[in-house]
Amino acid sequence: MRKLLVATHNQGKILEYRSLLAGLPLEVTSLEAEGIALDVNETGVTFAENAVLKACTYARISGLWTWADDSGLEVDALDGAPGVYSARYAGPGASDRDRYLKLVDELQSMNTRDRAARFRCVVAICLPDGETITTDGHVEGEIVDEPRGSNGFGYDPVFYLSDHGATMAELSQETKNQISHRGHAARAAKLALAELIADRGAG
Ligand code: IMP
């Protein structure tokens, strides 16, 4: 069976993607299992650039079909920041809590009523011959001053979804997967993979 390298150092994502991709005739493997220690510098200025950079670098190194993603939070009042810098927003060594508190502080100091925000995710699939596919997903919400909930990670406690009357951190993992930026991008990428397999064969 053909191998698919899920190129992330995040074990949680590997598990999530492995379960999403079950049913496709692919053996999901990881950087760790392939003995790849290289870290790709995320030098892109868009989610798509970073996802493609990661997927194609690891596809070249491994010779395998490779899946990578990039995601983050865009806040309208901050002209789309933190965007691709979401993980680095409060500097090195900062925690998730440091980052969302900094974000709330910044919005409070602007005294703005515009709290619109969205999570975005791009999944890139790159083949060793250079063929590349990207899919994206997003989910709209608003940034609230009071963090709520303890599920999820990152900015989830301050990302409020009016349809659910809850922050992302108050949703179950199952509900988050159904509505999230990553869920949407990943399901579209799974369909694209199924087409690639139909075109190129499973082995
Ligand atoms: P990455 O794509 O996993 O590198 O995520 C980049 C950063 O965006 C994370 O470190 C989080 O700060 C933020 N982020 C991405 N997806 C989510 C999410 O589902 N919830 C909360 N924060 C997220």
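In each ligand, atom 1 is the first atom listed, and ligand 1 is the first ligand listed. These values consider heavy atoms only, across backbone and side chains, with no hydrogens, waters or symmetry-generated copies.
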Tyr155 N/O to ligand 1 N/O under 3.5 Å: yes
Subset of ligand 1 atoms that lie under 4.0 Å from at least one heavy atom of Asp70: 2 (O)
Whether His181 and Phe119 hold their rings parallel, tilted or perpendicular, with breakpoints at 30° and 60°: parallel
Val6 vs Arg18 side-chain heavy atoms within contact, under 4.5 Å: no
Ligand-residue contact atoms, ligand 1 with Gly154, heavy atoms, under 4.0 Å: 21 (C), 22 (N)
Separation of Lys13 NZ from Asp69 CG (nearest 0.5 Å): 3.5 Å
Nearest-contact summary for atom 17 (C) of ligand 1 - protein heavy atom, Å: Phe153 CZ, 3.4 Å
Protein heavy atom at shortest distance from atom 16 (N) of ligand 1: Arg182 NH2, 2.7 Å
Electrostatic pair Glu34-Lys3, nearest N-O below 4.0 angstrom: yes
Under-4.0 Å salt bridge between Glu131 and Arg200: yes
Option nearest atom 8 (O) of ligand 1 (shortest heavy-atom distance, choices Gly183, Gly152, Ala169, Ser86): Ser86
Donor-acceptor pair, side chain of Glu195 and main chain of Ala192, under 3.5 angstrom: no
Minimum-distance protein heavy atom relative to atom 10 (O) of ligand 1: Ala87 CB, 3.5 Å
Closest protein heavy atom to atom 20 (N) of ligand 1, given as residue, atom name and distance to 0.1 Å: Asp156 OD1, 2.6 Å
Protein heavy-atom partner closest to atom 3 (O) of ligand 1 - residue, atom, separation in Å: Lys13 NZ, 2.7 Å
Interfacing atoms of ligand 1 (cut-off 4.0 Å, heavy-atom, Lys176): 18 (C), 19 (O), 20 (N)
Salt-bridge criterion met for Asp136 and Arg120 (N-O under 4.0 Å): no
Any Met168 heavy atom less than 4.0 Å to ligand 1: no
Side chain proximity check, Tyr89 to Glu106, heavy atoms < 4.5 angstrom: yes
Candidate with minimal heavy-atom separation from atom 6 (C) of ligand 1, of Ser71, Pro157, Cys121, Ser180: Ser71
Salt bridge present between Lys102 and Asp105 (N-O < 4.0 angstrom): no
Sub-4.0 Å heavy-atom approach of Glu42 to ligand 1: no
